[in-house]
Structure formats: C-alpha cells, structure tokens
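For clarity, every value in this text was computed on a predicted model and none was experimentally measured. In what follows, every chain begins at residue 1, and chains take the letters A, B, ... in the order their sequences are listed.
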There are 2 protein chains.
Amino acid sequence: MTNQNSPHTVLRARESEVVIGPDQPFVMIGERINPTNRAKLSETMEAHDMSVVQRDAETQVTAGAQVLDINVGTAFGEESEIMPLAVKAVLEVVDVPLSIDSPDPTAIGAGLQAYREVCGSAGKPLINSTTAEAERLDEIIPLAVEYGAAVIGLTNDEEGIPETQERRFELAVEILEKAEGAGVPREDLLIDGLTLTVGADHHAALCTLTVTERVTKELALNTTSGASNVSFGLPGRRELNTTFLTMMISRGLTSAITNPLRPEIIKTVQASDLFLGLDPHALRWIQSHRE
Amino acid sequence: MTNQNSPHTVLRARESEVVIGPDQPFVMIGERINPTNRAKLSETMEAHDMSVVQRDAETQVTAGAQVLDINVGTAFGEESEIMPLAVKAVLEVVDVPLSIDSPDPTAIGAGLQAYREVCGSAGKPLINSTTAEAERLDEIIPLAVEYGAAVIGLTNDEEGIPETQERRFELAVEILEKAEGAGVPREDLLIDGLTLTVGADHHAALCTLTVTERVTKELALNTTSGASNVSFGLPGRRELNTTFLTMMISRGLTSAITNPLRPEIIKTVQASDLFLGLDPHALRWIQSHRE
C-alpha cells in the first residue's frame with residue numbers, strides 16, 4: 001500500500017482534461033463561486049442572473065484554477081433549479097471540469113445532469129462531497145456511479161469531526177470501501193482530512209497533516225483540502241495559510257479548494273511544484289516572474 | 001529505527017541551554033557573522049575590532065536566533081587567531097550557544113578552546129562541520145570528543161555531493177558510525193542533507209527533502225540546513241526560500257543556519273511551529289502579532 005502507483009484522478013470537461021496526482025502539478029479548485037459573504041454574487045444568482053458567476057469563472061481560470069467549484073448556496077430554497085443554470089453558464093465561458101458542491105443531493109444530481117448535457121457522457125466532474133455518514137454515502141455514491149463522477153470524501157461521520165488522526169483515517173477507509181464496493185474506481189475518490197483552526201486546538205493542524213500523509217502513503221489516494229480554516233480567528237492569516245498549504249503539499253496533498261485570485265496562493269503552489277520536481281527546468285516559475 | 005525517542009541535541013552556553021529536537025520549537029542558527037559579501041564586518045574582523053561582530057550577535061539574538069554561527073572567513077590567513085577573539089567577543093554580549101564554523105580544523109580547535117574558557121567544561125558548542133571525507137572526519141570528530149561538542153555532518157565525501165538521496169543517506173550513516181565509534185553520542189550529530197539550486201536540477205530540492213525525512217525517521221537524528229541555496233540564480237528568492245524551509249520543517253528538519261533578520265523567515269518558523277503543535281494555544285504566534 002504505497003503511492004508508487006501514483007493514483008490519477010482524471011476530470012474532463014468538453015475538450016479539456018485535468019489530472020490530479022502526486023506526479024502532476026498541484027491542482028487548484030477555485031472556490032469563489034459560492035454566495036457565502038458575497039452579496040452581489042448571491043443577489044444575482046437568486047435572480048437567475050449568471051453574469052457574476054461567469055465573470056468569477058473567467059477570472060479564476062485566468063488566475064490559474066484548473067477546476068472550479070460551483071456552490072449556489074442554500075438560502076433561496078431552489079438550489080436544484082439554480083445549480084444547473086450555474087453549471088451551464090460557467091461551461092459557456094470556460095472549458096474546465098467543475099466540482100458540484102451542495103449539501104442537497106437533489107441539487108448535486110441536477111448539476112451533474114446539466115454537466116452531462118453540455119460535456120456529453122465522456123465528461124467527468126467532481127462531487128463535493130460525501131462524508132462517512134451512512135445516509136450521505138447512500139445518497140452521493142450512487143450519483144457518482146450514475147454520472148461517472150469523481151467524489152470528495154470528508155472524514156467526518158454522524159458523531160462529527162473526530163479529534164484524532166487515527167479515527168479520521170478509519171473514516172477514510174470506510175468511505176473508500178463503500179465507494180469501491182459500489183463501483184467507484186478508487187482513483188476517483190479524493191479524501192479531505194478536514195481542517196479546524198489551530199486557534200482552538202494546537203494539535204488541529206498536525207492531525208490534518210498526518211491524515212493527509214497517511215491517506216497518500218497507506219491508501220494511495222488523492223487528497224484535497226479547504227485549508228484556510230486552519231487560521232480562523234488568528235492574526236496573520238495570509239502567512240498561516242500559505243505555510244499550512246505548503247506543509248500539506250509537502251505531506252502529499254494533491255489538490256485544494258482555494259482562492260486562485262490570491263497571488264500568495266499561486267506563488268506557494270508554483271514554488272511547491274518546483275521543489276517536488278514538477279516544474280522541469282523551473283520554466284513555469286521563471287515564466288511567472290516575467291509577466 | 002523511528003524518531004519516537006525524539007533525539008535531543010542539547011547545546012549550552014554560560015547559563016543558557018538550547019534543545020534541538022522534533023518535539024521542540026525550531027532552532028534558528030544565526031548566519032550573519034560571516035565575512036562573505038560583508039565588507040565592513042570583514043574589515044573590522046581583520047583589524048581585530050570585534051564591534052561589528054558584537055552588534056551582529058545582539059541583533060540576531062534579539063530577532064530570535066537561539067544559536068549563532070561564527071565564521072571569520074579564510075581571507076586573512078589568521079583564522080586561528082581571529083576565531084577565539086570573535087568567540088569571546090560574542091559571549092561577552094550574548095549568552096547563547098555558538099556554532100564554530102571554519103574549513104580549518106586548527107581554527108575550530110582554537111574556537112572551541114576559547115568557548116570552554118568562557119563557558120567552562122559544561123559549555124557545549126556546535127562544530128560546523130565535518131563531511132564524510134575520511135581526512136575531515138579524522139580531524140573533526142576528535143575535536144568533538146575532546147570538547148564535548150555537537151557536530152554538523154554534511155552528506156558529501158571526496159567525490160563531492162552525490163546526486164541521489166540514497167547515496168547522501170549512506171554518507172549520513174557513515175558519519176554516524178564514525179562519530180558514534182569515536183564516542184560522540186548520536187544525539188550530538190546533526191545531519192545536513194545539503195541543498196543545491198533547483199535552477200540547475202529540478203530534482204535537487206526533492207533530493208534534500210527526502211534525505212532530511214529519512215535521516216529523521218530512519219536514523220532518529222536531528223538535522224540542519226543552509227536552505228537558501230535552493231533558490232540560487234532564480235527570481236522570487238524570498239518566496240522560494242520560505243516555501244522550501246516550510247517543506248523541510250514539514251519533513252522533519254529541526255534546525256537551520258539562516259538569517260533571523262528576515263521577517264519572513266521568522267514568520268515561517270513561527271507558523272511551522274504552530275502547525276506542528278509546538279506553540280500551545282498559539283500564544284507565541286499571537287504575541288508576535290501584538291508587538
């Protein structure tokens with residue numbers, strides 16, 4: 001059980017393909033299409049106006065996001081109507097794989113259906129996400145199978161987020177077994193070790209780092225993270241977030257749901273790729289300093 | 001052969017003690033007392049005027065260096081006279097352990113003798129450094145035994161710096177066997193996996209990261225690094241150096257020879273300590289943002 005076989009999660013849009021894997025440049029999943037704390041995006045989405053969504057899609061891809069997360073929020077009570085509108089609107093302006101992000105399985109299903117209508121049956125999006133909760137797994141895994149989608153597995157269950165890395169790792173194994181048993185190829189599962197703030201528990205970051213490393217090495221799965229929670233409530237969040245992202249990548253993290261409009265995130269990802277031998281002749285690093 | 005026993009390299013000055021180890025805050029060895037590219041320091045040293053040396057010592061300790069490297073250069077042909085002057089001058093103004101740094105074993109011996117005269121026989125400095133070269137080992141290891149000093153072992157030999165992590169690891173083992181055989185306790189050996197620029201070889205950083213991780217996990221030794229070479233000849237050196245230092249710490253690095261006057265280095269070290277669970281309640285991080 002080592003990562004010598006280097007798992008490849010292949011996502012596909014209409015023409016483009018993104019490969020997530022330890023021997024590939026790090027993959028940034030743009031997090032900006034999410035109405036939380038974004039009044040204008042929220043208002044326009046609610047009015048079924050996708051112009052801000054489309055602008056957010058373009059700016060994130062230009063900045064370097066290889067995949068875009070689509071979250072239409074839960075405030076309007078009509079996620080299942082808005083999700084397909086957002087998916088189609090984004091795919092009109094950019095050809096990158098999407099991560100369909102909702103707590104509501106019906107909205108996820110509607111997003112996957114819209115994605116298939118645009119990209120065809122060869123299209124392969126990402127589902128964000130299942131947990132190890134039995135009910136959630138029973139809803140989400142069949143959608144992954146039906147639409148041939150990859151899926152993010154969060155390491156929490158009915159009892160919440162475990163405090164120990166050992167228990168989170170067990171939940172990753174449970175999700176893997178359930179997904180594989182249902183016919184999801186193991187390379188299509190991305191594990192998120194979950195990140196809580198070190199402001200509340202100074203072992204929180206080490207727990208996530210250890211889960212991420214173990215999932216990488218012992219299960220040979222790809223991983224993802226919304227790593228910025230780690231600094232919640234603390235000063236100096238920018239330095240904390242880039243340092244933690246670097247540590248996560250050093251331990252094996254292969255993708256993150258993050259904000260590509262932050263230059264320090266781009267620099268961190270590019271430097272990490274360089275040090276892990278994924279930027280031959282430092283061409284990408286040097287090029288990015290010429291712009 | 002795991003690091004569960006958490007090696008402690010204990011360095012001692014007159015009254016103060018510094019412990020290097022994976023369960024300890026990261027140790028910065030201040031690199032500024034080195035005449036390379038520092039005209040004024042060089043000129044004053046040559047004139048046996050230690051005022052600039054003393055100022056450099058104080059500013060580095062104030063900035064957060066726990067140990068100071070003392071390198072008097074090789075240009076004057078009288079290292080063995082100047083080294084003890086520098087050692088005594090520094091210990092007049094700060095009480096921190098010193099790293100006695102010279103290519104000349106006689107100068108190292110003179111520095112160790114001066115250190116003992118000031119700190120007594122309980123004083124415990126660091127020698128920078130031996131390599132795996134037979135001649136160098138034969139000169140340096142007896143000095144470590146005679147003065148009870150800890151010693152840095154560089155993973156190169158008569159044939160230069162190996163390209164592969166496997167060979168560098170073998171050299172670390174050779175240094176360890178030679179040192180232990182001569183009576184140096186294994187916890188008093190710090191291995192430097194050596195860092196070449198990724199501008200010349202894009203596998204260079206990964207090689208050093210892997211050596212550092214293996215020495216930490218398989219030999220349970222402490223490690224050190226002059227990590228800034230990694231970015232030589234490339235743009236964006238500041239981001240490269242902080243990202244690489246973070247990756248090294250994430251892989252197990254427990255000390256570095258570095259410039260504590262660079263705020264981004266201090267932030268990187270403090271954030272790394274926080275994420276590895278070595279800053280309980282984030283007190284040090286929060287405090288450093290109040291100043």
Colleague: If you round to the nearest 0.5 Å, how far is NE2 of B:His289 from CZ of A:Arg237?
Modeller: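 It is 12.0 Å, given to the nearest 0.5 Å.
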
Colleague: Taking every non-hydrogen pair under 4.5 Å, which of A:Lys267, A:Met248, A:His203 racks up the most with chain B?
Modeller: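 When all of A:Lys267, A:Met248, A:His203 are compared, A:Lys267 has the most.
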
Colleague: Quick one: are B:Phe244 and A:Thr246 in side-chain contact, heavy atoms under 4.5 Å?
Modeller: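 Answer no - side chains too far apart.
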
Colleague: Got a sec: does the CZ of A:Arg262 have more than 12 other heavy atoms crowding it under 6.0 Å?
Modeller: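 No, the 6.0 Å shell around CZ holds no more than 12 heavy atoms from other groups.
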
Colleague: Go through the atoms of B:Leu209 and report whether side chain, backbone, both or neither lie under 4.5 Å from a heavy atom of chain A.
Modeller: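 When you check distances to chain A, only side chain atoms of B:Leu209 fall under 4.5 Å.
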
Colleague: Give a yes or no on this: more than 12 heavy atoms of other residues, nucleotides or ligands lie within 6.0 Å of atom CZ of B:Arg238.
Modeller: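 Counting other residues, nucleotides and ligands, CZ of B:Arg238 stays at 12 neighbours or fewer.
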
Colleague: So for A:Glu213, is it side chain, backbone, both, or neither that comes closer than 4.5 Å to the heavy atoms of chain B?
Modeller: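 When you check distances to chain B, only side chain atoms of A:Glu213 fall under 4.5 Å.
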
Colleague: Tell me, out of B:Leu245, B:Thr242, B:Leu278, B:Thr243, who's got the most heavy-atom pairs with chain A below 4.5 Å.
Modeller: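 Ranked by contacts with chain A, first place is B:Thr243.
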
Colleague: Side-chain contact, heavy-atom cut-off 4.5 Å: B:Phe275 with A:Thr208?
Modeller: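 Not touching, per the 4.5 Å side-chain cut-off.
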
Colleague: Could you check which of A:Val230, A:Ile249, A:Thr210 has the highest count of heavy-atom pairs closer than 4.5 Å to chain B?
Modeller: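 Winner by heavy-atom pair count: A:Val230.
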
Colleague: Quick check: closest heavy atoms across A:Trp285 and B:Pro235, and the distance to 0.1 Å?
Modeller: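 Result for this residue pair: NE1-O, 2.8 Å.
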
Colleague: Assess whether atom CD of B:Glu58 is packed by more than 12 heavy atoms of other residues, nucleotides or ligands within 6.0 Å.
Modeller: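 Yes - once you tally the heavy atoms of other residues, nucleotides and ligands closer than 6.0 Å, there are more than 12.
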
Colleague: A quick test of your reading: do over 12 heavy atoms of other residues, nucleotides or ligands sit less than 6.0 Å from CD of B:Glu159?
Modeller: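 12 or below, so no.
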
Colleague: Could you report the tightest heavy-atom contact between B:Asp279 and A:His202, atom names first, then the distance?
Modeller: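 Scanning both residues, the minimum pair turns out to be O-CB, 3.9 Å.
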
Colleague: At their closest point, which heavy atom of A:Met247 faces which heavy atom of B:Ser250, and how far apart are they?
Modeller: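 Closest heavy-atom pair between A:Met247 and B:Ser250: O-OG, 3.5 Å.
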
Colleague: Among B:Ser272, B:Ser231, B:Ala282, B:Gly199, which residue has the highest count of heavy-atom pairs closer than 4.5 Å to chain A?
Modeller: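 Ranked by contacts with chain A, first place is B:Ser272.
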
Colleague: Looking at A:Glu17, I'd like to know if its CD atom is crowded, meaning that more than 12 non-hydrogen atoms belonging to other residues, nucleotides or ligands lie closer than 6.0 Å.
Modeller: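 It does: A:Glu17 CD has more than 12 such atoms within range.
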
Colleague: Determine the minimum heavy-atom distance between A:Leu276 and B:Leu206, stating which atoms define it.
Modeller: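 Minimum heavy-atom separation between A:Leu276 and B:Leu206: O-CD2, 3.7 Å.
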
Colleague: Could you look at A:Leu274 and say if it's the side chain, the backbone, both or neither that has a heavy atom under 4.5 Å from chain B?
Modeller: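 Contact with chain B is through both the backbone and side chain of A:Leu274.
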
Colleague: Heavy atoms only, distances under 4.5 angstrom: which of B:Gly277, B:Ala200, B:Cys207 has the most pairs with chain A? Name it, please.
Modeller: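 Most pairs with chain A among the choices: B:Gly277.
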
